[in-house]
Amino acid sequence: MGTENLNRPNYPLRPAATPFAAQQGTTPFGSSGPVVGSEASAFRPAPPASSQFQRPPLSSGPFVGSEPTSFRPPPSIRPNDLVRPPPPSLSSSYGPPASGFPSSPAPPPPSIGQVPPPRTSLTGQPVAPPLTRPPPGQVPLTQPQPPSVPMGSPPQSLKMGQPNPNIPLRPDQQFPPARPNAQPSAPLPGPPYPTARGTYQPAFPGYPNAQPSSVAQAPPMQPASFPLQQGGFAPAAPPAPFLGRQRGPVSGILPSGLYPGNQVQQHGITPPIAPSQALAEDFSSLSLGSVPGSFETGLDVAALPRPLDGDVDPKPLAEMYPMNCSSRVLRLTTSGIPNSQSLASRWHLPVGAVVCPLAEFPFGEEVPVINFATTGIIRCRRCRTYVNPYITFTDSGRKWKCNICSLLNDVPGDYFAHVDASGRRADLDQRPELTKGSVEFIAPAEYMVRPPMPPLYFFLIDVSISAVRSGMLEIVAQTIKSCLDSLPGAPRTQIGFITYDSTIHFYNMKSSLMQPQMMVVSDLDDIFVPLPDDLLVNLSESRGVVDAFLDSLPSMFQDNMNVESAFGPALKAAFMVMSQLGGKLLIFQNSLPSLGVGRLRLRGDDIRAYGTDKEHTLRVPEDPFYKQMAADFTKYQIAVNVYAFSDKYTDIASLGTLAKYTGGQVYYYPSFQSSVHSDKLRHELSRDLTRETAWEAVMRIRCGKGVRFTSYHGNFMLRSTDLLALPAVDCDKAYAAQLSLEETLLTTQTVYFQVALLYTSSSGERRIRVHTAAAPVVADLGEMYRLADTGAIISLFSRLAIEKTLSSKLEDSRNAVQLRIVKALREYRNLYAVQHRLSGRLIYPESLKFLPLYGLALCKSAALRGGYSDVQLDDRCAAGYTMMALPVKSLLKFLYPNLVRVDEFLVQGEEFDITRRIPLTAESLDTRGLYILDDGFRFVIWFGRSILPDIARNLLGEDFTGDFSKVKLSLRDNEMSRKLMTILDQFRATDPAYYQLCHLVRQGEQPREGFFLLTHLVEDQIGGANGYADWMLLLFRQVQQNA
Amino acid sequence: MADLVLNISVPEFFENRRTLEILQRGGMGEVLVWLLFFLLSIALLVMIVIQLVCLADLELDYINPYDSTKKINKFVMPEFITQGVLCFLFLATGHWIMSLLCVPYLYYNVRLYLKGQHLVDVTEIFNLLNWEKKQRLFKLGYILLLLFMSLVWLIFNALEEDEHSF
């Protein structure tokens, strides 16, 4: 999309500049003086960002002004304007700048003498590139080259790896004189939008003036096609870096003026632009019919935006700041940080970030590990920021300036390296911490409060009758045994077990024993640990005993008839055993805790509670014991993962608390039957045991002055206001945080974020994983919208909504989501409603086109859907706990599952395309088809009513007529079955965090179809909830109200 | 200190019939009663301030949430009880207006207690920090008002006593 591409160049794209400038040094822009200035100025202590100040740089610009100008006009001038000379008023407005220049209030510093020459030459230059774009080719490109030399640009400007601190002065000197230019040209002070437009105008007229008439006429030559080309071009084309750097000094308001995408703004210049064209360029819109309010009209269901390509990574930021960490790790809800509190308050969506600190990196892009053995880890003295690509070296390399707090720090002697004229360190290529957004430092002893702990796995296993009957015990024992070899951290790994029913059983696994010794404690009121040592043993030393124990575990309790569960006391016992070391506690719970402390009652999912103020109490832990235990666990570095299996009510709300505050997660297998669910449990348990885990971790997100992270959402406990305690972290966990502005006005142009995770690796090393990212500060709401990231927004939304269900009704929570979407769209509409006649159209930014749909899907997710009868209470709570920890991509897939049709592929054998998704509505289901729905947690395979019997028979054998709830899909000896299995494996490979169990559903087989499939068709009307089209209409109407 | 005031002075007052008589007769008794109210209010004030200090320390990261909540929770029930006693004593000594003034505070406390929200939750303390602080600041203001009124009455009665004695 054109707009998106055009976005990029507008930010201080400091690092990006390096390659571009180097390659394209011949272009006028790469070597022009101002570029250097602006470049460096991004690091200069920020200039006061008052609007007066910002304006001058806008048009200071021979550089700023004329450059964008050359781009903008073409799109705005339609073919029939070709011969038309530029409007007189416009060309005359060039006068003021020219005359205003000498008469600038600030006496031009001596260096200003240099400015005018470049000015003229530059104004000429920019014209050329646009011309060259399509046909004229190189000619104009070479033309501008000579001017670049006279400009006297300093040679170092060619390589811009590190900005030269000496240069920032230049723009300062250059800009103030230019200021008068801006004043006359900005007749519409006020909201950033008009201002930008105003400043833009003079620049445009300036352009024909500076160039001979032949040039003046040139732009119209490629009129409408231009914006498109530019879009495609921007990233690589020389102007892009130029524009990008300009942004640095120019700051604030300029961007919207600079914005090539802002065709709207050109209406002032060339009125005869087709509104529809501008619409297409500027924002997306959806026609809702000419009569807003009438249901039938207008809305084309097929035209509604759908995320059928899955989640798309936010590109613009990564291209603006190539040294940022990957979007796998950090995603901002909007990459444009608002520069003032008033702007932030107009942005009704959350401002924040979703962080997945240990995200898996694809092969070849692993995070580099750095050992600062000799110098100690280099950090800012004041704000403790770690060394990162955005720091700058000054004083010929003896000092470095912190990018977050701007403090000058000394460079330790061992770390010193010479800095060349451009501020680039000589040893840059050997210093990944200065070029990569994600690095890992090996932490010395100062970062340890105790010796690094060994990986420790402790199992608390329910052995009551239901656990044995369901087969859970057997599967768990087998799976643990099969994972023993691949547990991380051998040979230091420690392991231990406790089992419990109405009593608690400890196991002595001392390595000298042949068989484990079992000790039973039946005094539940006063729990004690019968043996101080040897309950927790080193796995490699006691391997034989552990093997023997796991082999005998299922048979030991084969005939156990005990139905009680002394969960609370067992938990306390486990705590006592583990508290020395910390580690990971895996709980396998099969029934409601019924004995001792922490026993829970069947508080029942009372239908009468729904819709009243008491509703939320069902979703919060009943007994404070669980919260207290969770807090204690976190204090002693114990992470709890809860596996719950019961077919009856188990109070996941209470049990899940243990996982929530200890950085763990909840696995819920309702009505577990080993014959059905064994694969799922095996896969997920072994993933839990074998994935790379970071132990006894703490995480902190630092960010630049003026902004602060105020609230955090996810599974963890806060140790202090901004320190997340995470006893164990792995790649499947993400944390969200919301930002707020502390100062009314931000004076910097860039905000830096640094995520630091201090942890103990399984190998016993203390390490710090540091992710750094930069994001531009913007002064324009439109820009915030343009840089928004739907995935991150939805991730934050879902966490906020789930937290809200813990203190209020489901209904309220859903309404809150809806309200925020409406407010956001209304604000956006207000931005553009003035310029366009928008009646009957719902407009939304391109970046948020899926927001309404995901919002709808969120309201229909298991955690928020309906009321009493729609989702079992335990299912709801489990879904809530899971969603609180999910990374963005998995969450989006969970909300809007993939639906693909496979029967054609099975029959005809064409290449299967995993990305060929179809909308989630019953209308896209063909009765002759076979479909797979994949939400990341389960597969639902839907058989149409009139599916070819061949397919069904091939896939299911002779069972295909039977009851599907009893049929298990397995590999059969025929081509079709093999193909289907390949497809399923392909799907599974995309998301290994969970195992997707296949559920077969036949069309019309209720309630199975309703439960598995229809509830996932989020675009349809389910229960009382709206369908997609109705939802859009509803949003539209609410946006219109009080607009 | 709070407990001290509570444990010693309150029972004495009830058991000592003479005190009660004095209470009813006014005069010197009245001064003593107001002095008692004043001291109880001071005790309340101290307890609230301690809690507030803990919260502030927590915010500034001088103390970890575990210790902080432990310390705060230690003072919650004494605070509630002292306040209840104060309210009751106002009523018992026939100071209707003062008693009524105490009732909203008492009602709020009882409601918190019944909902089980009177203790600070260590797991959520940082999310609730602002609310907890605000709540205690309001209480502080309330108690300052009571304190002020007690003081006024105390002085007023003392002066009156003075006049009577002449």
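Just so we're on the same page: letters track the sequence lines, and every chain starts at 1.
If you measure heavy-atom distances from S711(A) to chain B, you find no contacts under 4.5 Å at all. Heavy atoms of T657(A) lying under 4.5 Å from chain B are absent altogether.
Other residues, nucleotides and ligands contribute only 12 or fewer heavy atoms inside 6.0 Å of the CD1 atom of I97(B). Within 6.0 Å of the CZ atom in R384(A), the count of heavy atoms belonging to other residues, nucleotides or ligands exceeds 12. Counting non-hydrogen atoms of other residues, nucleotides and ligands closer than 6.0 Å to OH of Y636(A) gives a total of 12 or fewer. By the 6.0 Å contact criterion, CH2 on W131(B) is enclosed, its count of non-hydrogen atoms from other residues, nucleotides or ligands being greater than 12. By the 6.0 Å contact criterion, CD on Q580(A) is open, its count of non-hydrogen atoms from other residues, nucleotides or ligands being 12 or less. Within 6.0 Å of NZ in K572(A) there are 12 or fewer heavy atoms belonging to other residues, nucleotides or ligands.
Note on N127(B), D121(B), L119(B), N64(B): by heavy-atom pairs under 4.5 Å with chain A, the leading option is D121(B).
Here the OG-CG distance, from S720(A) to L60(B), works out to 10.5 Å after rounding to the nearest 0.5 Å. Separating the OG1 atom in T721(A) from the CG atom in L58(B) is a distance of 8.0 Å, to the nearest 0.5 Å. Separation of atoms OG1 (T123(B)) and CE (M717(A)) is listed at 6.5 Å; rounding is to 0.5 Å.
Between E124(B) and Y661(A), the closest side-chain pair of non-hydrogen atoms falls below 4.5 Å.
Within the 3.5 Å criterion, the main-chain N or O of A631(A) finds a donor-acceptor partner in the side chain of Y66(B).
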